[in-house]
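One structure is given here, and the rest of the page talks about it.
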Amino acid sequence: MIKFDRFTLSNGLTVIVHEDNSSPLVAMNILYKVGARDEDESKTGFAHLFEHLMFGGSINIPSYDEPLQMAGGENNAFTNNDITNYYLTIPSQNLETAFWLESDRMLSLAFTEKSLEVQRNVVVEEFKQRYLNQPYGDVWLALRPLAYKVHPYKWATIGKEIAHIEDATLEDVKSFFKKWYAPNNAILTLAGNCSLDTAKELCKKWFEPIPVSNTPIRNLPVEPKQTKLQTIEINKAVPNSNIYMVWHCCSRLDPEFYATDLLSDVLSRGKSSRFYQRLVKELKLFTDISAYMLGDLNKSLFMIEGKIINGISMEVAEKAILNELENSKIYISEEELQKVKNKVESSLVFSEMSLDSKALNLAYYELIGDANLVNEQIAKYQSINTEEIMAIAKEIFQPENCSILYYNSIK
């Protein structure tokens with residue numbers, strides 16, 4: 001059980017405080033409610049670019065990292081399709097340094113051609129290294145537009161193409177910042193050696209003066225129901241042929257999320273899972289195969305990816321996967337369900353051990369409805385029965401709901 005207090009500043013910033021005096025540290029997490037789904041289709045990759053730009057200095061603080069490191073702190077960030085998240089840990093006696101740094105870049109990020117050029121080059125290089133020049137790096141660049149036709153999940157967080165980043169102007173960047181980076185579009189969490197009174201005092205001093213922004217009301221297009229199987233092939237000099245299969249499924253906010261997540265675990269979590277026992281160990285078709293759901297805030301995808309053993313045909317590999325999916329529709333034992341429930345429970349308990357994980361979890365669950373959901377996850381998973389999981393399998397694993405990427409190894 002994670003105990004916490006919550007309050008909201010006059011400018012709309014939601015603040016959550018989990019006090020833990022057993023640690024000399026405090027973790028601060030600031031979740032901005034903006035991700036790749038909020039971009040213009042002709043200007044993608046901006047949310048991720050901003051993750052980098054936020055470390056380029058603010059008007060009053062030319063270097064973000066230097067004062068934080070001098071105060072004994074460390075930091076990082078990540079972006080996905082739904083959110084952009086910044087986090088740091090710092091000794092409690094230097095906590096005000098974190099407030100000073102984070103509030104200043106929320107209020108007045110330094111926009112200069114030099115900073116934009118530096119970070120733009122970093123992101124372009126990342127695009128090339130991770131997505132274009134790395135084996136299988138372009139999987140999501142191909143799969144997303146195959147599975148999504150209208151929803152902005154059809155492009156990856158890095159962006160649709162390098163040109164969108166290369167062509168980003170200072171005005172584009174300023175406009176994006178003004179739209180989304182504001183106290184009324186953020187959740188701040190503190191976990192560690194910080195009292196509620198201290199949090200309120202520092203928040204009022206550093207964050208409350210930041211003005212409210214006219215953040216747009218999100219009105220994203222709804223992806224229509226897929227009515228036919230979609231396929232695509234990529235032929236490249238990679239070590240193995242891989243198969244990637246995605247099905248449309250529920251969002252993270254839907255009640256059936258928990259049954260869908262457990263279904264993926266039954267299929268592929270650990271060496272006792274169905275995929276490992278049948279497809280890896282017994283039939284020796286794959287060196288590795290996994291199933292997982294993306295868990296996006298809008299209707300999401302259920303993913304299966306398998307690394308096929310050289311000499312096994314794509315057709316044989318695909319048929320074997322589909323056979324296992326059919327089996328999941330008609331029988332799941334109480335024993336295998338309880339086994340994956342236990343693994344989920346241990347993972348959730350483990351995720352509450354570090355302060356930065358607690359801070360992130362509290363922010364994320366507040367985003368999806370209520371921070372107290374962090375304390376209800378185990379019970380929600382444990383309440384799922386085998387019939388619910390088989391029903392989800394029947395609903396999801398329909399041929400017309402599937403998109404497949406055949407990634408063929410050529411020598």
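Residues: numbered from 1 along the sequence shown.
At most 12 non-hydrogen atoms from other residues, nucleotides or ligands lie less than 6.0 angstrom from NZ of Lys43.
Here the OG atom belonging to Ser290 is positioned 7.5 Å from the CE atom belonging to Met303, to the nearest 0.5 angstrom. In this structure, Thr44 OG1 and Glu161 CD are separated by 6.5 Å, a value rounded to the nearest 0.5 Å. To the nearest 0.5 Å, atoms NZ (Lys394) and OG (Ser328) are separated by 10.0 Å. Note: Ser264 OG to Ile304 CD1 = 9.5 Å, rounded to the nearest 0.5 Å. With rounding to the nearest 0.5 angstrom, the CG atom of Asn21 is 9.5 Å from the SG atom of Cys194. A distance of 6.5 Å separates CG in Leu405 from CD1 in Ile232, rounded to the nearest 0.5 Å.
Considering every non-hydrogen atom in both Lys380 and Tyr258, the closest pair reads CD-OH, 3.2 Å. Shortest non-hydrogen contact noted between Ile308 and Ala317 is CD1-CB, 3.7 Å. Here the closest heavy-atom approach between residue Asn11 and residue Val212 is recorded as O-CG2, 3.3 Å. The two atoms that bring Ile187 and Ala363 nearest to each other are CD1-O, 3.6 Å, heavy atoms only. Among all heavy-atom pairs drawn from Ile243 and Ile404, the shortest one is CG1-CG2, 4.0 Å. Closest non-hydrogen pair, Gln226 versus Glu400, comes out as CG-O, 3.2 Å.
Contact check for Arg278 versus Asn323: no side-chain heavy atoms found under the 4.5 Å cut-off. The shortest distance between side-chain heavy atoms of Ile165 and His48 does not fall below 4.5 Å. Taking 4.5 Å as the limit, some side-chain heavy atom of Trp206 sits within range of a side-chain heavy atom of Glu96. By the 4.5 Å heavy-atom criterion applied to side chains, Leu360 and Thr189 are not counted as neighbours. Between Leu229 and Cys402 the shortest side-chain heavy-atom distance falls below 4.5 Å. Here the side chains of Pro216 and Lys179 are in contact, with some heavy-atom distance below 4.5 Å. Two residues are said to be in side-chain contact when any heavy atoms from C-beta on lie closer than 4.5 Å; Ser115 and Leu53 meet this criterion. Between Leu267 and Phe302 there is a side-chain heavy-atom pair separated by less than 4.5 Å.
Cation-pi geometry between Arg105 and Tyr86 is met: the NZ or CZ atom falls under 6.0 Å from the ring centre, inside 45° of the normal. The side-chain tip of Lys329 does not point at the ring of Phe397 from less than 6.0 angstrom away and within 45° of straight on.
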Test side-chain contact (heavy atoms from CB on, under 4.5 Å) applied to Phe127 and Leu141, step by step:
CA-CA 11 Å; Phe127 200 126; Leu141 297 181; 4.0 Å; yes

Output, in order, the C-alpha distance, side-chain angles, deciding distance and verdict of side-chain contact (heavy atoms from CB on, under 4.5 Å) for Glu305 and Tyr136.
CA-CA 11 Å; Glu305 56 179 287; Tyr136 317 107; over 6 Å; no

How far apart are the C-alpha atoms of Met293 and Cys250, what are their side-chain angles, what is the distance that settles it, and do they pass the side-chain contact (heavy atoms from CB on, under 4.5 Å) test?
CA-CA 9 Å; Met293 64 179 303; Cys250 67; 3.9 Å; yes

Dump the intermediate steps for side-chain contact (heavy atoms from CB on, under 4.5 Å) on Arg37 and Asp296, then the final yes or no.
CA-CA 10 Å; Arg37 65 175 178 167; Asp296 299 309; over 6 Å; no

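The pair Lys114-Glu117 does not count as a salt bridge, with every side-chain nitrogen at least 4.0 angstrom from each carboxylate oxygen. Taking the charged nitrogens against the carboxylate oxygens, Asp265 and Lys343 have no contact shorter than 4.0 Å, which rules out a salt bridge. A salt bridge links Arg6 with Asp370: the closest approach of a Lys/Arg side-chain nitrogen to an acidic carboxylate oxygen falls below 4.0 angstrom. A salt bridge is absent between Glu223 and Lys154: the closest approach of a Lys/Arg side-chain nitrogen to an acidic carboxylate oxygen does not fall below 4.0 angstrom. For the pair Lys236 and Asp138, the salt-bridge criterion is met [side-chain N within less than 4.0 Å of a carboxylate O].
The only option from Tyr181, Phe177, Phe176 that meets the ring pair (Phe, Tyr, Trp, His ring centres under 6.0 Å) definition with Phe111 turns out to be Phe177.
For the residue pair Ser22 and Asp20, a side-chain donor N or O sits within less than 3.5 Å of a side-chain acceptor on the partner. Counting only N and O atoms by type, the side chains of Arg144 and Asn81 include a donor and acceptor under 3.5 Å apart. Side chains of Arg274 and Asn327: a donor-acceptor N/O pair is absent below 3.5 angstrom, by distance only. A donor atom on one side chain and an acceptor atom on the other are found under 3.5 Å apart for Asp65 and Asn75. With hydrogens and angles left out, the side-chain atoms of Asp261 and Tyr381 include a donor and acceptor closer than 3.5 Å. In this structure, a donor-acceptor pair under 3.5 Å is present between the side chains of Glu233 and Asn408. Checking Tyr365 against Glu376 by side-chain atom types alone, no donor-acceptor pair falls below 3.5 Å. Under the 3.5 Å distance criterion, with hydrogens and angles disregarded, a donor-acceptor pair is assigned to the side chains of Asp356 and Ser354.
Side-chain atoms of His248 never come within 3.5 Å of backbone atoms of Pro224 as a donor-acceptor pair (strictly under, hydrogens ignored). A donor-acceptor distance shorter than 3.5 angstrom exists from the side chain of Asn385 to the backbone of Glu387, with no hydrogens or angles considered.
The aromatic rings of Phe78 and Tyr87 are tilted relative to each other, their planes meeting at an angle between 30° and 60°.
Here the two rings, on Phe46 and His164, have centers that are 6.0 Å apart or farther.
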